[in-house]
S.K.: 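Structure in structure tokens, see below.
First the proteins, then the strands, lettered A, B, ... as listed; each starts at 1. Quick caveat: nothing in here was measured; it's all calculated off a predicted structure.
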Amino acid sequence: AQSVAQPEDQVNVAEGNPLTVKCTYSVSGNPYLFWYVQYPNRGLQFLLKYITGDNLVKGSYGFEAEFNKSQTSFHLKKPSALVSDSALYFCSHGNFNKFYFGSGTKLNVKP
Amino acid sequence: NAGVTQTPKFQVLKTGQSMTLQCAQDMNHNSMYWYRQDPGMGLRLIYYSASEGTTDKGEVPNGYNVSRLNKREFSLRLESAAPSQTSVYFCASSRDFSPYEQYFGPGTRLTVT
């Protein structure tokens, strides 16, 4: 079965500190992994994706993600959090014609 | 360049009523999708369309129908609304299937009483 899991419902971090939002996956075949961000009352916005190649992927707004095949993880990271990063983050896996989403992690960045 | 647009933004229906949610994209994308978002459950795929003229069921298709009217437009119809269909509905499009990223509309908040 294909699935994506986000083990934390909420992550709290102080502004200026590094942040990590966790994602693990269970897929058959090659994993195509994505991160999206959702601001209140808005649709999801694409941040970054991993298809193949370098395990460290860089994306929009200073975010990056590390693909770890042995741990089946694809954690989202940012070296220095901003209050404006506060939002709902979704990890996703795409397999040919279907996409599977995690349940989402709410990131709270406090001043 | 509007991206993905959805209408209406909000809708309240009574049980048994029908309605159609409209979606259009101006990015010349081949693939389009309908999702529902419920608290704590992420997004669940209702239907998708690989290309103009084709549609397929996703994870939760019961109670819904879709039409890919042309390359730009993909509509979602609720024939007989039920309270369990209260949700936020998102349309999305992508250049093609995975590994291409999806672009999402702003959503339709539907309440069925």
Side-chain angles (χ1 to χ4, degrees), chain A residues 1-10 21-25 27-53 57-60 63 65 67 74 87-106, chain B residues 2-10 21 23-25 27 29-51 54-61 68 87-110:
Chain A
Q2 316 267 358
S3 68
V4 170
Q6 294 179 242
E8 300 160 318
D9 290 336
Q10 186 167 301
V21 183
K22 296 179 180 178
C23 172
T24 59
Y25 64 89
V27 305
S28 55
N30 293 325
Y32 299 134
L33 299 163
F34 303 79
W35 274 104
Y36 293 86
V37 59
Q38 184 181 31
Y39 298 101
N41 301 314
R42 302 284 295 274
L44 279 68
Q45 297 177 35
F46 169 73
L47 280 178
L48 50 80
K49 68 180 177 184
Y50 171 84
I51 302 173
T52 186
V57 179
K58 293 188 184 298
S60 306
F63 284 94
F67 173 72
F74 187 56
L88 190 57
Y89 290 80
F90 289 96
C91 183
S92 173
H93 160 62
N95 180 19
F96 297 106
N97 55 4
K98 293 180 181 177
F99 289 87
Y100 302 87
F101 285 82
S103 55
T105 298
K106 186 177 181 183
Chain B
V4 179
T5 57
Q6 291 182 238
T7 55
K9 285 186 167 46
F10 302 94
L21 281 64
C23 173
Q25 52 92 7
M27 296 173 283
H29 284 169
N30 289 318
S31 301
M32 297 186 73
Y33 313 80
W34 276 105
Y35 291 92
R36 59 179 289 172
Q37 182 179 27
D38 301 293
M41 301 188 71
L43 275 74
R44 292 183 291 170
L45 182 65
I46 305 172
Y47 271 93
Y48 64 95
S49 170
S51 59
T54 69
T55 61
D56 283 289
K57 295 178 181 179
E59 184 183 356
V60 288
R68 184 75 182 265
S87 187
V88 181
Y89 291 85
F90 288 100
C91 177
S93 70
S94 62
R95 178 181 163 184
D96 220 318
F97 283 147
S98 182
Y100 295 101
E101 62 272 19
Q102 296 178 303
Y103 293 81
F104 286 80
T108 295
R109 189 172 295 273
L110 175 67

S.K.: Among A:H93, A:Q6, A:R42, A:Q38, which has the most heavy-atom pairs under 4.5 Å with chain B?
M.R.: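 The option with the most such pairs is A:Q38.
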S.K.: Heavy-atom distance under 4.5 Å to chain A: side chain of B:L43, backbone, both or neither?
M.R.: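 Interface part for B:L43: both.
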S.K.: So which part of A:N30 gets closer than 4.5 Å to some heavy atom of chain B, the side chain, the backbone, both or neither?
M.R.: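 Neither part; nothing is under 4.5 Å.
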S.K.: For residues A:F99 and B:Y35, establish whether the separation of their ring centroids is below 6.0 Å.
M.R.: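 Ring-ring flag for A:F99/B:Y35: false, centres at least 6.0 Å apart.
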S.K.: The criterion is side-chain contact (heavy atoms from CB on, under 4.5 Å); which residues satisfy it with B:T54, sequence neighbours excluded?
M.R.: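 Partners of B:T54 under the side-chain contact (heavy atoms from CB on, under 4.5 Å) test: B:S49, B:A50, B:S51.
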S.K.: To the nearest 0.5 Å, what is the distance between CD1 on A:I51 and CD on B:E101?
M.R.: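 Separation between the atoms: 8.0 Å.
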S.K.: For chain A, which candidate among B:E59, B:Q37, B:K9 shows the most heavy-atom pairs at distances under 4.5 Å?
M.R.: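 It is B:Q37.
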S.K.: Can you tell me how far OH of B:Y100 sits from CZ of A:F46, rounded to the nearest 0.5 angstrom?
M.R.: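 A:F46 atom CZ to B:Y100 atom OH measures 12.5 Å (nearest 0.5 Å).
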S.K.: For A:L88, is it the side chain, the backbone, both or neither that has a heavy atom under 4.5 Å from a heavy atom of chain B?
M.R.: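 Interface part for A:L88: side chain.
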S.K.: Which value, rounded to the nearest 0.5 Å, describes the distance between B:Q102 atom CD and A:Y36 atom OH?
M.R.: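 It comes to 4.5 Å.
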S.K.: Who among B:G107, B:P39, B:P106 has the most heavy-atom pairs with chain A under 4.5 Å?
M.R.: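 Option with the greatest count: B:P106.
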S.K.: Tell me, for B:R109 versus chain A, whether the close heavy atoms (under 4.5 Å) come from the side chain, the backbone, both or neither.
M.R.: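 For B:R109, the side chain is the part near chain A, not the backbone.
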